[in-house]
Amino acid sequence: MKQSPFDIAKELFYRYAEPLALDKRYPGQSLMERLTQPDRSVEFRLTLQLDNGGTLVSRGYRVQFNDDRGPYKGGIRFHPVVDLEEVKALAFWMYLKTAVVDIPFGGAKGGIAVDYQKLTVAEKERLTKKYTTILGDEIGPEKDIPAPDVNTGEREMAWIMDVWRMIHGRYERGVVTGKPVTIGGSQGRKSATGRGVVFCIEEAARDLKMDLFGATAAVQGFGNVGSHTAQFLHQMGVRVVAVSDVYGAVRNLGGLDIPALMAHVAEEGRVGGFKGGEPFSRDDLFYEPVDILVPAALENAITAAIADRIRARLIAEGANGPTTPEAIDLLSKKGVVVIPDILCNAGGVTVSYFEWVQNRQEFYWTAERVDEELRAVMTRAYREVADEAMRNRCSLREAAYRLAIARVADAAYRRGAQ
Ligand code: GLU
């Protein structure tokens, strides 16, 4: 039977939490149960009036998984395959992610099961605002702070802030992060996840003694994370030779001109048709003989069958949960170094934290300062994970889980169960 994303998330947690013996260390605290069940899940019907007078019925979700280390935090995804099990898994990974980079948040995630891209802008606004109205009191700057995820961005965050102001009668910019800069967003938030991925790649390359200048990379997914990762790699002199999206893939062994590709995608909405490369099957992207592979799309993209044929030395997980547990084992047997999602893609939520701090102070940082602070957080987190991996002779993923679980377990224990 196919495992749900939440089953996979729990399997990984149990696997990596086991050596920490939480039951021995914190007797009678039931920490394994406490840390593998969401604090609260909401699921609701959303009825949207379409421009043509028709009606669309969809389902909305918000899962607040854990707030032991701080307010719930995590994005909102609008995608046809969204369901409660997926949102739970993503919320689970969020609280581990905020713990790995050690920012004072818990973890949450939300979404709507909808083919969002097919809606008109007016329908999108109505749907986003209705979702926010239904959630109402569930979100707030000191309670649960949404952010962008798949198919959501600055526009949606501005709509959410607007509804929250209407409901509560006051301006609170910190109710969401990833807003447009003109209404309290942070410099560098949009590109932050990609930036963080590349900071991690730089650290890993140093450990692997891989010269990034002239190294090759393939990027699966050309949304916000994939495109910015490709852009920063390209700027550093890495040859990005293959890129894919939901519709297809392009390849150029001499290296794709990423700024030109980004301009093409802004016009056409897809990588296909780009003149600076040859089209090829998106399923073949993972098998390119590159140094670095970046999965930056959805969960479970790398299965065992795919992992078997991967030729990259380094995988940087830009997406959440892109590798199945069997594929994780296979890649580790093959000696492929994997920078795990909960570390690798934490740059987004880190700059979300900076945005929230700036909103609370109403004092705004320069792009240079955001970049510098992000680099500091990501490299410190990477080094802590790499040291933990060295000490325990384990993978970066296991080390990241160990650090995160230990931090959250300590917080949960100190707060008590009364
Ligand atoms: N959706 C992003 C993630 O999966 C960002 C979350 C946030 O900024 O709160 O990490």
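One-based numbering, in listed order, for ligands and for the atoms of each.
Taking the six-membered ring where the residue is Trp, the centroids of F199 and F232 are separated by 6.0 Å or more. Aromatic ring centres of F13 and Y16 lie farther apart than the 6.0 Å criterion allows.
If you number the atoms of ligand 1 from 1 as listed, the ones under 4.0 Å from a heavy atom of M94 come out as 3 (C), 4 (O), 6 (C), 10 (O). Within ligand 1, the atoms closer than 4.0 Å to a non-hydrogen atom of K109 are 1 (N), 3 (C), 4 (O), numbered from 1 in the order shown. Close contacts between ligand 1 and V349 involve ligand atoms 7 (C), 8 (O), 9 (O) [criterion: under 4.0 Å to a heavy atom]. Within the listing of ligand 1, atoms 7 (C), 8 (O), 9 (O) sit less than 4.0 angstrom from a heavy atom of S352. Of all atoms in ligand 1, numbered sequentially from 1 with element shown, those under 4.0 Å from a heavy atom of K97 are 3 (C), 4 (O), 10 (O).
Using a non-hydrogen distance threshold of 4.0 Å, G178 does not register as a contact of ligand 1. Using a 4.0 Å cutoff on heavy atoms, R77 does not count as a contact of ligand 1.
At a 3.5 angstrom cut-off on N or O pairs, N320 counts as close to ligand 1. Polar contact check, R189 against ligand 1: a nitrogen or oxygen pair lies under 3.5 Å apart. Taking any N or O of I145, backbone or side chain, none lies under 3.5 Å from an N or O belonging to ligand 1.
Taking the six-membered ring for Trp and thresholds of 30 and 60 degrees, Y353 and W356 have ring planes inclined between 30 and 60 degrees apart.
Counting heavy atoms from C-beta on, the side chains of I405 and L20 come closer than 4.5 Å. In this structure the side chain of I160 never reaches within 4.5 angstrom of the side chain of K129, judged on heavy atoms.
Closest to atom 9 (O) of ligand 1 among all protein heavy atoms lies K73 NZ, 2.8 Å. Protein heavy atom closest to atom 7 (C) of ligand 1, with residue, atom name and distance, is A147 CB, 3.3 Å.
Geometric assessment of R173 against the ring of Y171 yields a positive cation-pi assignment under the 6.0 Å and 45° thresholds.
With a 4.0 Å heavy-atom cut-off, ligand 1 is reached by the backbone of P148 but not by any atom from C-beta on.
Listed here is the closest heavy atom pair of F354 and L374: CE1-N, 3.6 Å. Here the shortest heavy-atom pairing between A411 and R69 reads CB-CG, 3.8 Å.
Of the candidates K124, Q117, R77, Q117 is the only one forming a side chain to side chain contact (heavy atoms under 4.5 Å, CB included) with N151.
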